[in-house]
Amino acid sequence: TEYETILTEQRGRVGWITLNRPEALNALNSQVMRDVVAAAEAFDADEGVGAIVVTGSERAFAAGADIKEMQGKTGREMIMGDHFGAWARFADVRTPVIAAVSGYALGGGCELAMMCDIILAADTARFGQPEVNLGVIPGMGGTQRLIRAVGYYKAAELILTGRMMDAAEAERAGLVSRVVPASDLLDDAQRTAETIASKSLPSVFAAKAALDAAMESPLAEGLRFERHVFAALFDTADQKEGMAAFREKREPRFTQR
Ligand code: HXC
């Protein structure tokens, strides 16, 4: 498929989505949203893909929602046009998604990274929710997901001041799982994605669903969900294979995709 604002590629069992609006630091306009959602859903439906990586350019993962596109709109138009609604479909993709962030991840760019399951950062990465500087607030999940990622007080300071944090601070805060030299970022993302894609996919999907449940439900409910999904996996061929391989001191050969 041809997309206008992104590049897509499959490397092994990993689907790559590269934001490609360099003239606007990958600002997320409605075409980017349509392209990213369509590409992510296509990879999700593809049995040959076991993990997805979303990345931008060296200079910017994404500098936010497209301010030029939004500027003239009324509140009514923003609500009725449901301008950002389709991003929910990106967050609902079952396949694990890694954000590989180099340069700016601001506003909607930071929010897009937080819709992914893992955030890997180049040492050049800068994260922030600068919407207060524009007279608005985060609108693609920033006030909700940043709190869950870094805690109330850190999130409140970032969202209320609009300041940026560098990769080291983002890692200390728990937003980023690992910081790597910028030149290693894409290789690292590919390796991490390959590792995930080599597992039994029923268990990977189940793990992602249980992690999502942890974000969304009280502890008791999440624990119940986990226990049931854990038990259900004992009816998969890959569970028998994985545990047999351990007993036989060899690598497992997972077959379930
Ligand atoms: C549209 C953008 C843009 C954006 C950058 N550009 N960010 N266009 N929307 N969010 C464009 C610039 O207008 C410029 O094009 C080109 O990209 C390069 O940007 P510069 O500003 O010249 O680069 P630099 O001086 O290096 O500064 C980089 C920057 C700055 C610090 C990242 O661009 C910046 O502050 N951008 C806005 C960041 C932001 O506020 N994001 C939050 C958006 S609101 P031209 O052609 O003009 O030279 C948001 C809400 C999400 O995300 C929720 C929605 C519901």
Side-chain angles (χ1 to χ4, degrees), residues 26 28 51-56 60-65 84-85 87-88 90-94 96-182 185 188-189 192-193 196 204 206-227 229:
N26 292 329
L28 306 169
I52 298 168
V53 177
V54 178
T55 194
F61 178 73
F84 300 94
W87 284 116
F90 175 79
D92 281 347
V93 159
R94 280 73 136 202
V97 185
I98 297 173
V101 177
S102 181
Y104 297 111
L106 302 177
C110 186
E111 293 170 302
L112 175 60
M114 291 191 290
M115 287 179 211
C116 301
D117 302 293
I118 295 173
I119 304 178
L120 299 178
D123 48 14
T124 57
R126 319 267 317 254
F127 296 86
Q129 297 288 163
E131 287 88 346
V132 285
N133 300 330
L134 301 167
V136 293
I137 67 167
M140 283 166 53
T143 60
Q144 308 301 300
R145 289 197 178 93
L146 193 60
I147 283 184
R148 286 162 169 79
V150 306
Y152 177 88
Y153 290 102
K154 186 94 183 173
E157 193 231 341
L158 289 164
I159 290 168
L160 294 174
T161 65
R163 80 168 173 89
M164 292 186 218
M165 59 178 168
D166 65 17
E169 183 179 357
E171 185 183 29
R172 281 198 303 281
L175 179 63
V176 156
S177 54
R178 229 140 23 78
V179 180
V180 300
L185 179 69
D188 195 298
T192 305
I196 294 168
V204 168
K208 174 162 173 168
L211 288 161
D212 285 345
M215 284 288 201
E216 288 165 14
S217 45
L219 181 61
E221 204 180 299
L223 290 172
R224 204 172 314 117
F225 180 84
E226 182 193 70
R227 205 158 54 241
V229 173

Over all atoms of both residues, closest heavy-atom pair of Leu185 and Ala122: CD1-N, 3.7 Å
Chi angles and distances behind the side-chain contact (heavy atoms from CB on, under 4.5 Å) call for Leu175, Met165: CA-CA 11 Å; Leu175 179 63; Met165 59 178 168; 3.8 Å; yes
Neighbour count above 12 (heavy atom, 6.0 Å) for Arg163 CZ: yes
Gln144 and Met215, any side-chain heavy atoms less than 4.5 Å apart: no
Shortest non-hydrogen contact between Val204 and Pro96, atoms and distance: CG1-CG, 3.2 Å
Test item: Met140 and Met115 side chains (from C-beta on) under 4.5 Å apart, heavy atoms: yes
From Arg172 atom CZ to Asp166 atom CG, the distance as rounded to the nearest 0.5 Å: 7.0 Å
Interatomic spacing from CG in Asp212 to CG in Asp117 - rounded to 0.5 Å: 6.5 Å
Side-chain touch Asn26/Phe61, heavy atoms, less than 4.5 angstrom: no
Side-chain (Glu111) to main-chain (Gly141) donor-acceptor, under 3.5 angstrom: yes
Nearest atoms (heavy-atom pairs only) where Ala189 meets Ile98: O-CD1, 4.0 Å
Residue pair Ile118 / Ile196, side-chain heavy-atom distance below 4.5 Å: yes
Glu226 side chain vs Leu223 backbone, donor-acceptor pair below 3.5 Å: no
Shortest non-hydrogen contact between Asp123 and Pro181, atoms and distance: OD2-CA, 3.5 Å
Residue pair Ser217 / Arg224, side-chain donor-acceptor N/O under 3.5 Å: no
For the student: nearest non-hydrogen atoms of Gly162 and Asn133, plus distance: O-ND2, 3.8 Å
From CE (Met164) to CD (Glu169), nearest 0.5 Å: 12.5 Å
CA sep, side-chain torsions, deciding dist, call: Val101, Val176, side-chain contact (heavy atoms from CB on, under 4.5 Å): CA-CA 9 Å; Val101 177; Val176 156; over 6 Å; no
Polar side-chain atom of Gln129 near backbone of Ile159 as donor-acceptor pair, under 3.5 Å: no
Val54 and Val97, any side-chain heavy atoms less than 4.5 Å apart: yes
Over all atoms of both residues, closest heavy-atom pair of Gly142 and Pro138: CA-CB, 3.8 Å
side-chain contact (heavy atoms from CB on, under 4.5 Å) evaluation trace for Leu146 with Leu158: CA-CA 9 Å; Leu146 193 60; Leu158 289 164; 4.1 Å; yes
Residue pair Cys116 / Phe90, side-chain heavy-atom distance below 4.5 Å: yes
